[in-house]
Amino acid sequence: MNSNIILKVEKGKKYSEFLDNNMKKNIIACKQNSIMHDLSDVCDTSGDAEFIDISSEEGLKILRHSTAHLLANAIVELYPDAKPNTSNEDNIIFYYDFDMSPISIDDFSPIEKKMEEIEKRNEPIEKIVLDKEGILEIFKNNPYKTDKINENVNDGEASSVYREGNYMEFCRGPHVPSTGFIKAFKLLSVSSTNYEGDINKQKMIRIYGTSFPEKKSLREFLLRREEAMKRDHRRIGHEMDLFIFDNERAPGFPFYTPNGAIIRNELINYMKELNEKNGWEDVWTPHIYRETIWRESGHYDKYKNDMFLFQLSNGDHYGLKPMNCPGHIAIFQRSVHSYREMPVKYSEAGTVYRYEKSGEMGGLTRPRAFTIDDGHGFLRPDQISEEVTSLLKTVPFIFNTIMGNSEISYDLSTMDKDHPENYLISYICFECNQKFEMRGASSELKCPNCGSIRLKEDFSMWDNATENLKNALNNLGLPYKEKPGDAAFYGPKIDVHIKDALDRLWQVSTIQLDFFMPINFDLSYIDADSKKVRPVILHRAIYGSYERFIAILLEHFNGKLPTWLSPVEAYIIPVSENYSDYAEYVHRELCKNHIRSKLDLSQNTISKKIKLIRGMRPSYIIVVGENEKNSGTISVRNRNDRTKSYNLNDFIDNLDREVRDHNIKQIF
RNA sequence: GCCAUUGUAGCUCAGUUGGCAGAGCAGCUGAUUUGUAAUCAGCAGGUCGGGGGAUCGAAACCCUCCAAUGGCUCCA
């Protein structure tokens, strides 16, 4: 990646005038006093300016933005009725939304050809400043652009439009100086969306693509993308015979086969070990409850349509649990708790059921039933910081152990105070001064005590919880991004993401503070001065869900799991029938030592057996014949196809240590 | 739920303008006794996702439902 260049610029000259011909090949824009400019802009103050290289982070963004416009240019040339709406780009991909008849990826080739043609023409991308009326006149046939102009330009003010050949774009810029800079692009996919994300508004066709400064990096990107596709956990899961989906009989519900159940159980057992160490007690709660509990918890209000609800013939209403917390709360409520026994911490591999809409499911990452390594801590307010801190220390330990040195990032999701209707919050009545908690559209809100609708929102509990999470992150020196509006309906949370071997980010752990369920369920503990006090609930999951985490592991390791998680730890092949006895002996010895061993006594050749078992990705393939039988050894082949001879007992000792220590690396 | 694409043997996939439903692998049987990514031969395997329709005739055309995939929306 080239870096940006700082140059001295003078007022009254164009930015491009400060570049020599060599620089003009890669410099595409300029930033002065934190404002981005096109190179054709005239400086309004003298001083230092940062010239943006096309391969810098900002440069790539400008390139992708410009490529989106090139796409729009090509689309309106090929489909004159298409009305461009707007584009966006992230760190790799861009998209552009059009009001047009549906197209498919089969239509991409002519569009890409047209884009190439415009690129070859090297059309200048020219900035034109016009007053609002002038701009509205240009886009009078495009209601989407008209909306945007009215939103962004005040009456009587001027703004920029860009000309690229015959194509005009209402945009703030900056762009690459001409289409010739857009040398390596590819359209990737097409989907539909609605204008302004509103399902009731006009349908739009969204076309995705990417763009790079040169062909080589585009090729690398496409290769990585293909590799990611090959690593799809659904494909690997099938090859390793881990799970199935029965699409006719239980759409969206995973079935674990014996191999898959081994992985799942190993992960559950490991979590149990860690929970015990950290004072989380295992519980078990039912999967079905009367709907009353979901009304108490507030889930019914917000998630009724996403729950599996049913009615018995006697008229009773029941629902499958969409979350585990009410079950854990019910257990907490079985007795009176002293402040001395706090915190009370329950954990469970708890399966929850959510009616995901048909188009929203995807393999193990988004099923309709999944099992959370769920935990609920009932805390005194003074214990919040210690518990959150302890969890934030456990999280990296676990992911480093299981996945290797993984990059971990943290988000702090807070409430959006402009949309209080999305959350449980407290209100204070202006009339009678009563304080109460509620969620709902503001028009329906009234004081439960006096019926007044003159209410004031009280955010103090939310602010307090958010502060607590922030402090824990700060005290451990963990950098985090704040995500306003992403909080759960009952409280703020910390979300943890890990990067996998292909540099993809996955959300895993979540740590949430909740001051509202304790109110809904009227929870309390007895204080030192015998008064009832409200506990705080801490919701936490570390893996997230077993389904999702297994999917992440399969894609991260390309199915070649660490041995302790591997369904087949040893696969034994005798060279011929003559050595079946010795192979059986080896197999028995491994089994005796709790090693998951499989013995292949079929008639096939060794080569064929290895070929056929490769998809299963056994940790070790063991071949035994004359030599091994005579010397009490085995010939071992590891996951990377290296072979080594081992004394049987040495192999067992080594393997035992590898598994016990949860090693990622094999014994050789 | 919305848009696009797709659904043929356990798996991967052919099947042309509508004219007898195919292959490879896996499975079974037999031969072969094998030294690290496919030994040979034979056999068996199908409501062509479900339902409806136009046609002398449909896996193919039309309608409808179900499901999957890629996105959108959503994800407590």
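Please read these numbers as outputs of a predicted model, since none were measured by experiment. Below, chain A is the first sequence line, B the second, and so on; all start at residue 1.
The phosphate of B:C75 has neither OP1 nor OP2 within less than 4.0 Å of any side-chain N or O from A:Arg548. Residue A:Lys608 places no side-chain N or O under 4.0 Å from the OP1 or OP2 atom of B:G35. When the side-chain nitrogen and oxygen atoms of A:Arg234 are compared with OP1 and OP2 of B:G70, one or more of them lie within a distance under 4.0 Å.
A:Arg64 forms no cation-pi arrangement with A:Phe94, by the criterion of a distance under 6.0 Å to the ring centre and an angle within 45° of the ring axis.
RNA chain B is contacted by both A:Ser358 and A:Tyr579; A:Ser358 maps to the nucleotide lying nearer its 5′ end (nearest heavy atom per residue). Looking at which nucleotide of RNA chain B each of A:Asn627 and A:Thr605 is closest to, the 5′-most match is held by A:Asn627.
A distance of 10.0 Å separates OG1 of A:Thr414 from CG of A:Leu469, quoted to the nearest 0.5 Å.
Taking the C1' atom of each, B:A76 and B:G71 are spaced 24 Å apart, rounded to whole Å. If you take atom C1' in B:A26 and the same atom in B:G1, they sit 40 Å apart, rounded to whole Å. B:G22 and B:C62 are spaced 25 Å apart, taking the P atom of each and rounding to whole Å. Comparing the C1' positions of B:G42 and B:C65 gives a spacing of 43 Å, expressed to the nearest Å. Rounded to whole Å, the separation between the C1' atoms of B:G19 and B:G57 comes to 7 Å.
To the nearest angstrom, P of B:C25 lies 19 Å from CD1 of A:Ile610. A:Tyr582 places its OH atom 18 Å from the P atom of B:G35, with the value rounded to the nearest Å. In this structure, the CZ atom of A:Phe515 is 19 Å from the P atom of B:A76, given to the nearest Å. For the pair A:Ile372 CD1 and B:A76 C1', the interatomic distance rounds to 9 Å; values are reported in whole Å. Between the CD atom of A:Glu360 and the P atom of B:G70 there is a distance of 14 Å, given to the nearest Å.
Ring geometry for A:Tyr543 against A:Tyr546 counts as perpendicular: the plane angle is over 60°, on a 0 to 90° scale with 30° as the lower cut. In this structure, A:Tyr256 and A:Phe243 have perpendicular ring planes: the angle between them is above 60°, well past the 30° mark.
For B:C74, its base sits under 3.5 Å from the side chain of A:Arg366 at one donor and acceptor pair at least. The base of B:G35 is paired with the side chain of A:Glu628 by a donor and an acceptor separated by under 3.5 Å.
With respect to A:Asp306, the salt bridge (charged side-chain N to carboxylate O under 4.0 Å, His left out) criterion is satisfied by exactly one of A:Arg368, A:Lys357, A:Arg354: A:Lys357.
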